[in-house]
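Reading through the structure tokens given below for one structure.
In what follows, every heavy atom counts, from backbone to side chain, and hydrogens, waters and symmetry copies are set aside.
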Amino acid sequence: MIVLEGICTILGLAQGVLVAINKRSNWIFYILQMLGLLIFSFLNHLYGDVANNAIYLIIGIIGFIRWGKEEKSQITACKRRERIIYIGLLAIATFLVFSFLKNTDDPLPLIDSFTTVSSFAATYYMVMKKIDTWIIWFINDILYVIEYFMLPNQAVMLGVLNIVWTGLAVCSFINWRRLMKKGVSIS
């Protein structure tokens, strides 16, 4: 288990740095990490994360393709109305996933529910090149740190990775905001 956790951590660090500097190759590391995290989550009975990571394999492929399009889109921000909608949807979806996970052997169904749902939102906004992705990732990464350290068999390396990702979310937000103001596309 520790070897798998280490591999996922290394892949995640590489992906985090590459996305922060706006490189399409981040999606390759993302896809590989999702494969590892899918196995890790299954072995730890984190069923929300299992579903998340399975879908992320597909989203990673879509992200790789979308970021490689000739007509590279600009980084943009969600409008206020869209933010209100996604916050409401996050709350409703978290409740629905929690309603299911509380009846399983998931050791942390509420945190697992929120991180599952908010990860989808953050990944969607990352694919769409919305700066809002980094706000969602920041909150999500903090909760993942808590989740990994609260597991019966603590996932220390993944917890530390999420601490690093919390910092990268802040750096990425700053960098993307600078690029957004300049009207620069992601490469």
message = Atom CZ of residue position R83 - does it have more than 12 heavy atoms of other residues, nucleotides or ligands inside 6.0 Å?
response = yes
Nearest-0.5 Å distance, CG of residue L18 to NZ of residue K23 = 8.5 Å
key: Derivation of the side chain to side chain contact (heavy atoms under 4.5 Å, CB included) call for I136 and Y86   = CA-CA 10 Å; I136 300 168; Y86 79 65; 3.7 Å; yes
note = dist I7:CD1 -> I2:CD1 (nearest 0.5 Å) comes out at 11.5 Å
query = In terms of hydrophobic clusters joined by side-chain contacts under 4.5 Å, are I65 and Y125 together?
reply = yes
inquiry  = Is it the case that the side chain of D112 and the backbone of L108 share a donor-acceptor pair, with hydrogens and angles ignored and the cut-off at 3.5 Å?
reply    = no
task = Is it possible for you to say whether M34 and I58 belong to one hydrophobic cluster, with membership spreading through side-chain heavy-atom contacts below 4.5 Å?
result = yes
task = Check whether F114 and I84 end up in the same hydrophobic cluster, where Ile, Leu, Val, Met, Phe, Trp and Tyr are linked by side-chain heavy atoms less than 4.5 Å apart.
result = no
Please set out all donor-acceptor pairs under 3.5 angstrom arising from side-chain atoms of residues 140-147, sequence neighbours excluded.
residue	atom	partner	partner atom	Å
N140	ND2	T115	O	3.2
N140	ND2	S118	OG	2.5
N140	ND2	S119	OG	3.0
Y144	OH	D49	OD1	3.0

task = Give a yes or no answer on whether the side chain of T104 reaches the backbone of L101 with a donor-acceptor pair at less than 3.5 Å.
result = yes
note = d(I31 CD1, L57 CG) to nearest 0.5 Å is 7.5 Å
query = Taking the six-membered ring for Trp, is the centroid-to-centroid distance between F100 and Y47 below 6.0 Å?
reply = no
ask   = How long is the gap from CG on D132 to OH on Y124, to the nearest 0.5 Å?
value = 11.5 Å
CG-OG distance between N22 and S172, expressed to the nearest 0.5 angstrom = 8.0 Å
query = Is V97 reachable from M150 through a run of I, L, V, M, F, W or Y residues, each pair having side-chain heavy atoms under 4.5 Å apart?
reply = yes
query = Shortest non-hydrogen contact from C8 to G36?
reply = SG-C, 3.4 Å
task = Could you tell me which non-hydrogen atom of N175 sits nearest to which non-hydrogen atom of A20, and how far apart they are?
result = ND2-O, 2.8 Å
message = Does anything in residues 98-107 form a salt bridge (charged side-chain N to carboxylate O under 4.0 Å, His left out)? List the pairs, not counting sequence neighbours.
response = none
query = In Å, rounded to the nearest 0.5 Å, how long is the span from CG of L4 to CG of L43?
reply = 7.0 Å
request  = Show your working on side chain to side chain contact (heavy atoms under 4.5 Å, CB included) between I39 and L35 and close with a plain yes or no.
outcome  = CA-CA 7 Å; I39 295 165; L35 285 169; 5.8 Å; no
query = Is there a side-chain contact between W176 and W134 (heavy atoms, below 4.5 Å)?
reply = yes
Could you give the side-chain donor-acceptor pairs of residues 151-166 under 3.5 Å, partners two or more places apart or in another chain?
residue	atom	partner	partner atom	Å
Q154	NE2	F149	O	2.8
N162	ND2	L158	O	2.8
W165	NE1	G12	O	3.0
T166	OG1	N162	O	2.7

request  = Verify whether one side chain among W137 and T133 offers a donor that lies under 3.5 Å from an acceptor in the other.
outcome  = yes
message = Under the criterion side chain to side chain contact (heavy atoms under 4.5 Å, CB included), I'd like the reasoning laid out for K129 against W67: C-alpha separation, chi angles, the key distance, then a yes or no.
response = CA-CA 9 Å; K129 301 173 187 169; W67 280 35; 3.4 Å; yes
query = At their closest point, which heavy atom of N26 faces which heavy atom of Q15, and how far apart are they?
reply = OD1-NE2, 2.9 Å
request  = Determine whether F98 and T116 make a side-chain contact, defined as any pair of heavy atoms from C-beta on separated by less than 4.5 Å.
outcome  = no
query = Does any donor atom in the side chain of E5 or Y148 lie under 3.5 Å from an acceptor atom in the other side chain?
reply = no
request  = Report yes or no: do I62 and I55 belong to one cluster of Ile/Leu/Val/Met/Phe/Trp/Tyr joined by side chain heavy-atom distances under 4.5 Å?
outcome  = yes
inquiry  = For F120, is there any backbone N or O sitting under 3.5 Å from a side-chain donor or acceptor partner on Y56?
reply    = yes
key: Closest non-hydrogen atom pair, N53 against S41   = ND2-OG, 3.3 Å
task = Determine the minimum heavy-atom distance between L90 and A121, stating which atoms define it.
result = CD2-CB, 3.9 Å
